[in-house]
Amino acid sequence: MEGADKREVKAGSINRRNVLKIGAASTIGLAGCLSTIRDGGGEEYPSSDIRVITQASGSLFDLWARAFAEFAPDHLDDDLNIIIENVAGAREASTRAYEADSDGYNFGYYNIPGNLNLQLNFDVQYDVTEVDWLGRAASYEYMLFVNPDLGYDSVDDLREADDLTFAPTGPEATDAFLTVLANDRLGIEASSYVSGFDSGLDALTAVERGDADARYQVSPMVTDRIDAGDVQPLLAITDSPVDYAPDVPAVADEGHEELAEIRLQAFAGAPPGVDEDRLEFLRNLFEDVHTSSEMEGWASENEPPGLGLSYADAEECSNNLDNLETLITENEQLLEEELSRL
Amino acid sequence: MSNVYFEFFGILAGLFSWPLIGFVVVGVLIGLVFGSIPGLGGPIAIALLIPATFGMDTTHAVVLFGSTLGGVAFGGSISAILINVPGTAPNAASCLDGYPMTKQGRAGEAIGISATSSALGAIFGILILLVLIPFTRSIILAFGPANVFWVSIFGLTVIASVSRGSLLKGFISGGVGLLVAFIGFSSIHGVYRYGLGTEFLWKGVHIIPVVIGLFAIAEVINLTSRGGSIAEEEVTATKNVMKGVYHVLRHPVLLLRSSVIGVAVGLIPAAGGAVANFLSYMVAKQRSKDPNSFGSGNPEGVVASEASNDAKDGGSLLPTFAFGIPGSVTMAVLLGALLMHGITPGRELMGDNISVLLTLVAALALSNILTSSIGLVMSDKLARIAQVDAKLLTPGILIISVIGSFAIRGTITDVLIAMLFGFVGYVMYTYSYSRIPLLLAFILGPIAEQAYFQAMSISDGHYGIFVSDPISITLIAITILSIILSVRTVSKERISSELIE
């Protein structure tokens, strides 16, 4: 009992001391905050490392972010660096980037139109139409491939085919809505779909194996399969024919240049609400790095061709996103019907 | 073909020159550390090396990646044997007999077995890989969704084999694993299942927190509640290692068979790395003269698990390099790492640029030998961990578990999931439910589901696709045989345990 009293007395004295400590800490903390705000008004920017949020290590988006991180310090004053934060999954990485502090020290890479497609069809916690774009780092075109053993030599052959199975990666993938939209515009009828693949290359292998007849695939990654005749390209989803398959017609030649807007693209964007001056700094930095000889030299040494390096400014990014959004929303019912068949 | 061998051995010899040997040693050490810490493993080791190798000479980077892979596979068995915590999911089957051996004071022997069978399994896998290179395309294209479905069903029959006397408990455990596996967005159906509307569960429950929870945290609770140390009997360290080495050498057929299973499973893109060691373990148990002692410290169980685990790396390199289809998360990260160095998977890599693949494989071979040598030298010292008081050991295991869970996706929710599965694992341990069926079903359930629906889409809903080719027929026959043998073994186990009582 006596011991208990002692403990109570001791506990009481600690409480009083704690109150004093908390009071002192609060005063110091408040002063610190006020000084930070004061500093913030005239603070040099950037004064600390910039964090870049991107998809999982080893992914294409990680690759582009790391290339930026490698060459950006040459364009920054002092000893500032770019810190990469990897988040697995396009959806998760975009959410993390979108919800990051809008202090000018954070930005992220977005998969466009993949992120837009997810946003329009599923519940997500980001809004790509609200992101302040810095620019586009890379862009890959799609091509329409068929199994070479089937004897289809042109899009016309596909139009006349009775029974065609397409192999989109999955209902949430960019190539799925490209499949629906392109087939609709080109007058190709998919009688069935095989989907649920782990990756686009996995789905293309299904076409090679004969599990499916055709597929829209990001093409610069599979130039060796084109050269070897493992898969046959019938149409490039581009404005003009591509260098590595010059004999393959472009979708613009078919009169559907709007489909060429659909490409695998890496957009970099800051979370909404970043101060305009800081945003301008980040945009200039992004442009300087991506148009630098060092970056272009590095990209040209790597396969697939140029690693898709294709800088575009913030305005072009916004325009592309607007066009894609229009394309998807105008065909909402068609997409809903066809994607439900997957 | 002989040209490939000639080039391979030339590259292997070149690895002994400076600075390549330095990269091998660094890779081995990184691999050992990351492999032995639960949750870290190959994907994180390679991921952390990516920025470090940026700007590095491509050959040096490839050697570093290959050596790290070699270190990870064996490293993962150390924690599985010593503290019942598989460093990586493909080491899980090593817990089944490795940990009981540790409890019996035979940890050194178990590590000796693991080191030897890992090295020999890896080398065997690499030799097969070199032979198969010209046939890569045909082999990979031969396996369609229907075949993958049967592989996963065959894998699920392991549940009967590891249920330790109670099939019902095994099925319950497996059922829970399937339920957990189906959480998240289904790319096949386009629906978000059992995610409670949360953003976090969109991609489902990650395997690493599940493994860490079921094994590491459950073991922490168990050790804390019972006190003492892991080894219930005196550790007899001296000469144990060589006993382990001899044991492997005395079972060449077991070693060879386990390695073949490892390579074969590795070759199938969708099968995943964790399937090989369970299949190999099950076959070893069925073919053993003493199947009843499996699960209670039979060295053959460790040989089967570790030889197949290391051999599978050779097989899984082929789909990764030839088609860009990684068979595991480690291979997926490796693929990205290679891409950063301008190495694109495809025909060129299997043809004109084959030296890149051979460099990686040579580094893998050398690092496996080096890793196992380090394991043999260190095993007696490592074995003493089993004698450390639980009060000192458990905080360390818990800290590593939390770090490992958090490291996967950088979210605290994964740590909470690991904790949840820790309690699930402890309850299962207390009521004699094997945790392996849960893990197996968790891994194989989504593979089976994906393959089933793809096969049905291809056939327009006709079930005939599942029996339409010789590979499927063979797999069905093996599956039926496996079920019969497993049920017979379980019945024998029950009868003998009743006789003992």
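All chains are named by letter (A, B, ...) in the order of the sequence lines, taking the proteins before the strands, and each is independently numbered beginning at 1.
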Worksheet item: Heavy-atom distance under 4.5 Å between the side chains of Phe185(B) and Leu118(A), does that happen here?
Response: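 No, their side chains stay 4.5 Å or more apart.
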State, yes or no, whether a side-chain contact exists between Asp230(A) and Arg137(B) at a heavy-atom distance under 4.5 Å.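 Sidechains of Arg137(B) and Asp230(A): in contact.
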Pick one of side chain, backbone, both or neither for [X], based on which atoms fall under 4.5 Å of a heavy atom in chain B.
X: Thr165(A); answer: neither
X: Val194(A); answer: both
X: Thr95(A); answer: side chain
X: Phe197(A); answer: both

Practice item. Could you list which of residues 65-74 of chain A have a heavy atom closer than 4.5 Å to any heavy atom of chain B, in residue-number order? Key: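 Residues in range: Arg66(A), Ala67(A), Glu70(A).
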- Query: Any idea which heavy atoms bring Arg209(A) and Pro145(B) closest together, and the distance?
  - Reply: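 Looking at all heavy atoms of both residues, the shortest contact is NH1-CD, 4.2 Å.
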Heavy-atom count check: over 12 atoms from other residues, nucleotides or ligands less than 6.0 Å from [X] [atom1]?
X: Glu336(A); atom1: CD; result: no
X: Glu332(A); atom1: CD; result: no
X: Glu189(A); atom1: CD; result: no

Looking at [atom1] of [X] and [atom2] of [Y], how far apart are the two atoms once the value is rounded to the nearest 0.5 Å?
X: Ile447(B); Y: Asp198(A); atom1: CD1; atom2: CG; answer: 8.5 Å
X: Asp163(A); Y: Asp460(B); atom1: CG; atom2: CG; answer: 7.0 Å
X: Asp211(A); Y: Ile465(B); atom1: CG; atom2: CD1; answer: 7.0 Å
X: Thr205(A); Y: Ile140(B); atom1: OG1; atom2: CD1; answer: 8.0 Å
X: Trp202(B); Y: Glu172(A); atom1: CH2; atom2: CD; answer: 7.5 Å

* Between the side chain of Gln450(B) and the main-chain N/O of Gly196(A), is any donor-acceptor distance below 3.5 Å? ->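 Checked: pair present.
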Please classify the contact between Tyr192(B) and chain A as side chain, backbone, both or neither, with a heavy-atom cut-off of under 4.5 Å.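 Contact with chain A is absent: no heavy atom of Tyr192(B) under 4.5 Å.
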